[in-house]
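Below is one structure; the comments refer to it alone.
From a predicted model like this one, the values you see are computed outputs, not experimental measurements. All chains are named by letter (A, B, ...) in the order of the sequence lines, taking the proteins before the strands, and each is independently numbered beginning at 1.
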2 protein chains.
Amino acid sequence: MSTTPETGTRSRTRRAILSAAASVLARNRAATLADIAEAAQVGRSTLHRYFPDRRDLFNATVTDSFQAVERSVAEAAIDHGPPLEALRRLIAAMVDVGDRLAFLFGDARVLEEYTDCFEPDLSVPTTIDLIKRGQAQGVFDSQVSAEWIQEMLWALTYTGWEAAEKGLLPRHGVTAAVIRMFENGIVVRREP
Amino acid sequence: MSTTPETGTRSRTRRAILSAAASVLARNRAATLADIAEAAQVGRSTLHRYFPDRRDLFNATVTDSFQAVERSVAEAAIDHGPPLEALRRLIAAMVDVGDRLAFLFGDARVLEEYTDCFEPDLSVPTTIDLIKRGQAQGVFDSQVSAEWIQEMLWALTYTGWEAAEKGLLPRHGVTAAVIRMFENGIVVRREP
DNA sequence: CCATAATGGGACATGAACGTCCCATACTCA
DNA sequence: TGAGTATGGGACGTTCATGTCCCATTATGG
């Protein structure tokens, strides 16, 4: 049962398809396979050659996107340093993979259905861990659940990506805008 | 060209369909007309009788949902009183029509495509007005654009609705959770 | 330069959702 | 109770994305 290692060409084609799928589906989840193939600059036949089924492509795209996000987040080393700084690195990392995150987050049921399959990798420090660490240190709001904070983190990041998508925010300002909101909200506080 | 006023029965049926459409499509935008008909407790024939086309139904649902949201927001009287309190009323009003808002907000392109059609009603004070008023009074963050704040407001409200949907937040706690986040973020501040 | 891998594009069958039509039934109001 | 309204459900044709095959063409690598 040895899987023959993929040719360079095949590997590139596969990744092009997965990337295009995430990008296209993030913006329109009713997109046709033909749409995706076109975006990947690949014939529809080729797409089917790599992913026989639509479900196959979808599953693969979920897995791939999840891994891409995971990798980006892992690089942020959110288990090191002060929670606040770690959070900022985390947000920056998430914005970096906005496409993939938008795909995963766009359809609410995607994450729900697949979330179980990807938990086991305990080597990667989770967002929840970071939030709880911050809460334990009294840096983050402890009046609300860590899970709820995580939801908002994803939502705000997605919103930032979307805002950039429609030209409402400059690309390079997304991270800062999200961080600003996430940390402080919109109410101006005056020193007593 | 006098439009005969609708029978009570027809009016009820129509509203049942529109409500069901918003609710079903909010949770699954690939839902079948049969799904919607079933949710509305109506035969598929009847649905087609009221909305010949899928596009017809969709357009009507957008309009209806928009008006429902508008009505709810109007009741919040966001042009009166201190901006902070008005904002809280606004969020509560939006959470109240969570279904409709989720439908409108769920598909990013829905609002983009239709947003032009609904602007003209200037009698209703807009969210943007409230945000700008708050910014002018130095109560809301002026470092970011009002449009961006509005995006986040919708996003957070939607996230709250979704969190309740999946049991992550209690229904009655959604409004408070959203307000808390929107105003203060998650970072704990200490008095100097 | 040649063998083989990889691709593109067309032809075709399939199935699901859609839109239309029709008729029997139930409900409403005078 | 009778006329007209509103509905449900089924039958039917159509469209479109999908999935499968096949063959000619191009790219790759030894």
Among D:dG8, C:dG9, C:dC18, find the nucleotide with the atom closest to the side chain of B:Thr46.
D:dG8

B:Gln41 has an atom CD; how far is it from atom P of D:dG9, in whole Å?
12 Å

Answer yes if the side chains of B:Ser72 and B:Asp96 hold a donor-acceptor pair under 3.5 Å, and no otherwise.
no

Starting at atom CZ of A:Arg54, determine the distance to atom C1' of D:dA17, rounded to an integer number of angstrom.
9 Å

Using atom CZ of B:Arg49 as one end and atom C1' of C:dC21 as the other, report the distance to the nearest whole Å.
10 Å

Residue pair B:Thr13/A:Pro52 against DNA chain D: nearer the 5' end by closest nucleotide is B:Thr13

Do B:Arg89 and B:Glu75 sit within salt-bridge range, that is, some charged N less than 4.0 Å from a carboxylate O?
no

If you check the A:Thr32 side chain, which of C:dG10, C:dG19, D:dA17 turns out closest?
D:dA17

Below 4.0 Å: OP1/OP2 of D:dA6 and any side-chain N or O of B:Thr9:
no

Pair A:Glu165 + A:Arg27, salt bridge at N-O below 4.0 Å:
yes

How close or far is atom P of D:dT5 from atom OH of B:Tyr50, stated in whole angstroms?
13 Å

Return whichever of B:Val42 or A:Arg12 has its heavy-atom-nearest nucleotide of DNA chain D closer to the 5' end.
B:Val42

If you take the centroid of each ring, where Trp contributes its six-membered ring, are A:Phe103 and A:Tyr158 closer together than 6.0 Å?
no

Quick one: on DNA chain C, does A:Arg44 or A:Leu47 contact a more 5' nucleotide (nearest heavy atom)?
A:Leu47

Is it true that B:Phe140 and B:Phe182 have ring centroids separated by less than 6.0 Å?
no

Between P of D:dT7 and CZ of B:Arg14, the distance in whole Å:
10 Å

By nearest-heavy-atom nucleotide on DNA chain C, the more 5' of A:Arg10 and B:Ala34 is A:Arg10

If I take atom CD in residue A:Glu38 and atom P in nucleotide C:dG8, what distance separates them, rounded to the nearest angstrom?
12 Å

Spacing between B:Leu33 atom CG and C:dT20 atom P, to the nearest angstrom:
11 Å

Between C1' of C:dC18 and CG of B:Leu57, the distance in whole Å
13 Å

